[in-house]
Colleague: 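Shown below is the structure under consideration.
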Amino acid sequence: MIYYTAITNAYFQLPPNKTGEHFVCYHDGTVEEQEGWELRLIQYHHDDPVRLSRHPKILCPIGGKSVYIDASKLHTINEDFIKLSEEILSKDDFFIMQHPHQHTYLEECAEYICRGLCTEEEVIRI
């Protein structure tokens, strides 16, 4: 199983990975190497680092079993997280955890428009 995250604009630094599991960080070139992490450059181009980081988050670039972890939650990873992830994925091929603030996809799109990250037309195209 592969655990992955995405970091752009150096807004987070990777914690050391001492679990022995395969951890991958998709990035824009602003991430420093860290013990136990494989770094992969995001193969998508956009000037907005938020939209850039969402590319590997939304379109999983990994074939096979993987778990996306938001960079802000990397500090919570421990053996219990690994064990629970493996247990859940052993039962089902796909699952989506609920957003911690219970935002829907529509609310996320509205946030992009309200914050001026993109236009309504761009949201529809995306």
Colleague: Below 4.5 Å, heavy atoms only, C-beta onward: do Glu32 and Gln13 meet side chain to side chain?
Modeller: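 In short, these two side chains touch, coming nearer than 4.5 Å.
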Colleague: Measuring from atom NE2 of His55 to atom CG of Asp28, what distance do you get when rounded to the nearest 0.5 angstrom?
Modeller: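 One gets 14.0 Å once the value is rounded to the nearest 0.5 Å.
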Colleague: To the closest 0.5 Å, what do you measure between OG1 (Thr76) and CD1 (Ile69)?
Modeller: 7.5 Å
Colleague: If you take all heavy atoms of Leu52 and His46, which pair is closest and at what distance?
Modeller: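 Smallest heavy-atom distance, with atoms named: CD1-N, 4.1 Å.
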Colleague: If you define the side chain from C-beta out and look only at heavy atoms, does anything of Arg51 sit under 4.5 Å from Cys118?
Modeller: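 They are in contact (side-chain heavy atoms under 4.5 Å apart), so the answer is yes.
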Colleague: Should Phe81 and Leu14 be counted in the same cluster of Ile, Leu, Val, Met, Phe, Trp and Tyr side chains packed under 4.5 Å apart?
Modeller: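 Same hydrophobic cluster.
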Colleague: Can any side-chain N or O of Glu122 pair as donor or acceptor with the backbone N or O of Thr119 at less than 3.5 Å?
Modeller: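 Looks like yes, one N/O pair under 3.5 Å.
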Colleague: Kindly compute the distance separating OG1 (Thr19) from CG (Asn78), expressed to the nearest 0.5 Å.
Modeller: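 The CG atom of Asn78 is 10.0 Å from OG1 of Thr19, to the nearest 0.5 Å.
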Colleague: If you compare all heavy atoms of Tyr11 against all heavy atoms of Ala6, which two are closest, and at what distance to 0.1 Å?
Modeller: OH-O, 3.5 Å
Colleague: Is there a side-chain contact between Leu39 and Glu33, using heavy atoms and a 4.5 Å cut-off?
Modeller: yes
Colleague: Taking the side chain as every heavy atom from C-beta outward, state whether Met1 and Val67 have any atom pair closer than 4.5 Å.
Modeller: yes
Colleague: Can you tell me how far apart NZ (Lys57) and CD1 (Ile42) are? Round to the nearest 0.5 Å.
Modeller: 12.0 Å
Colleague: Can you measure from CG (Asp80) to CD1 (Ile82) and round to the nearest 0.5 angstrom?
Modeller: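 Answer rounded to 0.5 Å: 10.0 Å.
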Colleague: Just do the side-chain hydrogen bond (donor to acceptor under 3.5 Å, both in side chains) check on Arg54 and Tyr44 with the steps written out, would you?
Modeller: CA-CA 10 Å; Arg54 295 201 184 229; Tyr44 173 76; over 6 Å; no
Colleague: Do Pro15 and His75 have side-chain heavy atoms sitting under 4.5 Å apart?
Modeller: no
Colleague: Do Leu74 and Val31 share a hydrophobic cluster (ILVMFWY, side-chain heavy atoms under 4.5 Å, transitive)?
Modeller: yes
Colleague: Could you tell me whether Glu120 atom CD has more than 12 heavy atoms of other residues or ligands within 6.0 Å of it?
Modeller: no
Colleague: Are Lys18 and Glu35 close enough that some pair of their side-chain heavy atoms sits under 4.5 Å apart?
Modeller: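 When only atoms from C-beta onward are counted, Glu35 and Lys18 do touch, with a gap below 4.5 Å.
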Colleague: Among Tyr4, Phe23, Tyr3, find the one that has a ring-ring contact (aromatic ring centres under 6.0 Å, His included) with Tyr68.
Modeller: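 When ring-ring contact (aromatic ring centres under 6.0 Å, His included) is applied between Tyr68 and each of Tyr4, Phe23, Tyr3, only Tyr4 qualifies.
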Colleague: Minimum heavy-atom separation for Ser66 to Cys60, with atom names?
Modeller: OG-SG, 3.5 Å
Colleague: For the residue pair Tyr26 and Ile62, establish whether any side-chain heavy-atom pair is separated by less than 4.5 Å.
Modeller: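 Yes, their side chains come closer than 4.5 Å.
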Colleague: To the closest 0.5 Å, what do you measure between NE2 (His22) and CH2 (Trp37)?
Modeller: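 One finds 10.0 Å between NE2 of His22 and CH2 of Trp37.
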Colleague: For a quick test of reading the model, state the closest non-hydrogen atom pair linking Pro49 to Asn9 and the distance between them.
Modeller: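 In terms of heavy atoms, the two residues are closest at CB-CB, 3.7 Å.
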Colleague: I'd like to know whether Glu87 forms a salt bridge (charged side-chain N to carboxylate O under 4.0 Å, His left out) with Lys91, so could you lay out the CA-CA distance, the side-chain angles of the two residues, the decisive distance to 0.1 Å, and finally the verdict.
Modeller: CA-CA 7 Å; Glu87 180 182 330; Lys91 296 176 184 174; 3.4 Å; yes
